[in-house]
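Shown next, in structure tokens, is the structure this report addresses.
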Amino acid sequence: IAGAMCGLAGALLVNHTSYQTPEFMNWTRSGELMFMVILGGMATTAGPLLGAAVLLLIEDLLQGWSLLPKWVHEHWQLYLGVFLILVVLFAKRGLAGFLAGKNE
């Protein structure tokens, strides 16, 4: 089922952008997807959606916020990694479980 959903997502992406490169098959793309799932929470339906929204929001804030120093813009993945480690340590069920009060 997961493979079929990934195939459908890829077909929709090509249809939407009218462009496909081998960059989309890079291992970092699957890492981003795993980051979204772990961040949001694996045992819920809304967790990965919440994780994707939070990940994109944090990326935009760290990359584009002009009030932050230049070195933050250059090394934004470091701060994203620290945030993921904190979520894994203190919110065992991701952000969705943390917000629902089911943090064990």
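When a residue number appears, it is its place in the shown sequence, counting from 1. This structure is a prediction, so every number in the text was calculated from the model and none was measured.
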[atom2] on [Y] to [atom1] on [X], rounded to 0.5 Å:
| X | Y | atom1 | atom2 | value |
| --- | --- | --- | --- | --- |
| E59 | E32 | CD | CD | 6.0 Å |
| M36 | L84 | CE | CG | 12.0 Å |
| M5 | L12 | CE | CG | 9.0 Å |
| L56 | L61 | CG | CG | 11.0 Å |

**Request:** Please tell me if the side chains of V54 and F83 come closer than 4.5 Å, counting only heavy atoms from C-beta onward.
**Result:**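 Yes; the side chains approach each other to less than 4.5 Å.
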**Prompt:** Do L55 and L80 come within less than 4.5 Å of each other through their side chains, counting heavy atoms only?
**Reply:**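 Yes - at least one pair of side-chain heavy atoms lies under 4.5 Å apart.
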**I85: side-chain contact (heavy atoms from CB on, under 4.5 Å) partners, not counting sequence neighbours** =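 Testing I85 for side-chain contact (heavy atoms from CB on, under 4.5 Å), a comparison that skips the adjacent residues, returns L89.
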**Request:** Could you walk me through whether L50 and L99 pass the side chain to side chain contact (heavy atoms under 4.5 Å, CB included) test, one step at a time?
**Result:** CA-CA 11 Å; L50 177 64; L99 294 175; 4.0 Å; yes
**Message:** Would a single hydrophobic cluster contain both V88 and L39, if residues Ile, Leu, Val, Met, Phe, Trp and Tyr are joined by side-chain heavy-atom contacts under 4.5 Å?
**Reply:**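 Linked within one cluster.
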**Message:** Please tell me whether I58 and Y79 are part of a single hydrophobic cluster in this structure, the criterion being side-chain heavy atoms less than 4.5 Å apart.
**Reply:**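 Cluster IDs for I58 and Y79 match.
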Mind listing the closest non-hydrogen atom pair of [X] and [Y] along with its distance?
| X | Y | value |
| --- | --- | --- |
| P48 | G41 | CD-O, 3.5 Å |
| F90 | F98 | O-CD1, 4.5 Å |
| A96 | G47 | CB-CA, 3.9 Å |

**Message:** Filter on salt bridge (charged side-chain N to carboxylate O under 4.0 Å, His left out), then keep only pairs touching residues 76-90, sequence neighbours left out; what's left?
**Reply:**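 Non-adjacent pairs meeting salt bridge (charged side-chain N to carboxylate O under 4.0 Å, His left out): zero.
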**Message:** Between I38 and V87, is the side chain to side chain contact (heavy atoms under 4.5 Å, CB included) condition met? List the steps.
**Reply:** CA-CA 9 Å; I38 293 169; V87 168; 5.9 Å; no
